[in-house]
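Below, chain A is the first sequence line, B the second, and so on; all start at residue 1.
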Number of protein chains: 2
Amino acid sequence: MPENKKYDIKVRLWIEEAEGPFLGIGKIWLLENIQKTGSITNAAKEMKMAYRQAWQLVEEMNKRAETPLVEKLLGGKGGGGARLTEAGERAITLFYEIEKRIKDFIEKETQNLKF
Amino acid sequence: MPENKKYDIKVRLWIEEAEGPFLGIGKIWLLENIQKTGSITNAAKEMKMAYRQAWQLVEEMNKRAETPLVEKLLGGKGGGGARLTEAGERAITLFYEIEKRIKDFIEKETQNLKF
DNA sequence: CATCAGTATTCCTTTTCAAACATACTGAAA
DNA sequence: TTTCAGTATGTTTGAAAAGGAATACTGATG
């Protein structure tokens with residue numbers, strides 16, 4: 001009688017666009033942190049990620065979405081900041097919705113895997 | 001009227017086990033090539049991957065499956081070789097089955113994404 | 001018109017991780 | 001008992017990505 005290890009299915013999903021991967025869970029987290037902190041700088045700190053990279057991700061998202069997901073405020077009181085556009089907020093919601101549907105499906109459909 | 005880019009959902013799935021990721025599409029391809037060529041060396045060549053790495057992947061798979069997926073033949077005429085065990089063959093089938101079910105589901109469930 | 005905090009951007013260092021290299025080991029068969 | 005092709009394994013190298021570090025830019029506000 002074999003010792004019966006436990007195996008389960010993991011899945012990672014992302015939105016793809018003509019030029020390649022467009023939006024995955026990493027960028028979604030970044031969006032959430034921008035929403036929460038009001039700036040790219042603080043979002044990056046929160047995630048222990050370099051500002052440089054966070055900024056690049058935002059650039060890419062904005063360029064490749066039909067309409068920008070993040071609105072950036074330059075200069076002024078507090079130096080500026082960043083906040084989500086409506087499209088940005090919708091992106092978060094939509095992503096999690098899709099993810100949940102898929103994960104629920106997987107949980108239902110796959111059990112007792114053996115290798 | 002916006003230019004309507006096309007977005008779709010991509011998914012990558014793998015089998016997870018206590019110690020982490022256990023079996024994804026990369027290892028499945030390796031299994032298939034071992035099956036096809038009869039050795040790790042030739043499978044690796046086929047995939048333009050270093051023998052060393054292919055061998056390590058096989059080791060890992062074998063250790064972490066309940067029963068080895070690849071049987072290795074050492075020395076002898078032709079130097080030996082490798083072939084799939086029954087468990088190895090089942091792994092391939094099972095993996096693709098699960099993948100197909102999930103991808104079909106995604107295709108049905110998600111269309112007209114907008115960002 | 002100086003300040004200030006966040007955005008924008010370049011450059012350089014470090015880390016990581018894959019690929020390449022090198023070298024034993026194995027055992028059937030001639 | 002030599003050959004041979006594949007397995008087994010350590011070491012080295014190198015390229016790409018991540019991670020700082022440094023610097024300029026922006027504009028509301030006092």
**Prompt:** Just wondering, do A/K45 and A/T41 contact through their side chains at under 4.5 Å, heavy atoms?
**Reply:** yes
Smallest heavy-atom separation, B/L13 atom then B/F95 atom, equals O-CZ, 3.5 Å
note: B/L57, atom CG; C/dA19, atom P; distance rounded to Å ~ 11 Å
Practice task
Could you check B/K36 against B/E46 for salt bridge (Lys or Arg N to Asp or Glu O under 4.0 Å), going step by step and ending with a plain yes or no?
Solution key: CA-CA 10 Å; B/K36 180 174 144 200; B/E46 198 86 1; 2.7 Å; yes
Are any of the side-chain nitrogens in A/K10 or B/E16 under 4.0 Å away from the carboxylate oxygens of its partner? no
* Please say whether more than 12 non-hydrogen atoms of neighbouring residues, nucleotides or ligands are located less than 6.0 Å from CD in A/E86. => no
Whole-Å distance, B/R52 CZ to C/dA24 P, equals 16 Å
For this session: May I ask you to say whether A/E66 pairs ionically with B/K114, meaning some side-chain N is under 4.0 Å from a carboxylate O?
Result: yes
B/W55 CH2 to C/dT26 C1', in whole Å, measures 14 Å
- Query: Are side-chain heavy atoms of A/V58 and A/I34 found at a separation under 4.5 Å?
  - Reply: yes
Polar atom pairs between nucleotides 15-18 of chain C and protein, under 3.5 Å, N or O only, would you list them?
none

Between CD of A/Q56 and P of C/dT7 the distance, given in whole Å, is 14 Å
Taking distance alone, no hydrogens or angles, what donor-acceptor pairs closer than 3.5 Å link side-chain atoms of residues 69-85 of chain A to residues at least two apart or in another chain?
from	atom 1	to	atom 2	distance (Å)
A/E71	OE1	A/R83	NE	3.3
A/K72	NZ	A/E59	OE2	2.2
A/T85	OG1	A/P68	O	2.7
A/T85	OG1	A/L69	O	3.2
A/T85	OG1	A/A87	N	3.3
A/T85	OG1	A/G88	N	3.1

Contacts of B/F105 meeting ring pair (Phe, Tyr, Trp, His ring centres under 6.0 Å) (sequence neighbours excluded), chain-then-number -> A/F105
In short, the helix from C/dC1-D/dG30 to C/dA30-D/dT1 is bent end to end, axes from five pairs each side, to 10°, by 10°
Basic-acidic side-chain contact under 4.0 Å: A/K108, A/D104:
no
Open item on the list: What's A/T41 touching, base or sugar-phosphate or nothing? Going by heavy atoms closer than 4.0 Å.
Closed with: base
Judged by modelled atom types alone, do A/Y96 and A/E32 share a side-chain donor-acceptor pair under 3.5 Å? yes
Report yes or no: do A/I25 and B/F115 belong to one cluster of Ile/Leu/Val/Met/Phe/Trp/Tyr joined by side chain heavy-atom distances under 4.5 Å?
yes
Exercise for review: Decide, yes or no, whether a salt bridge links B/E107 with B/K103 under the criterion of side-chain N to carboxylate O below 4.0 Å.
Suggested key: no
Numerically ordered, the residues 67-85 of chain B set in heavy-atom contact under 4.0 Å with DNA chain D is B/K72, B/L73, B/L74, B/G78, B/G79, B/G80, B/G81, B/A82
Chain A reaches DNA chain D, atoms under 4.0 Å from its heavy atoms, from D/dG19 to D/dT29
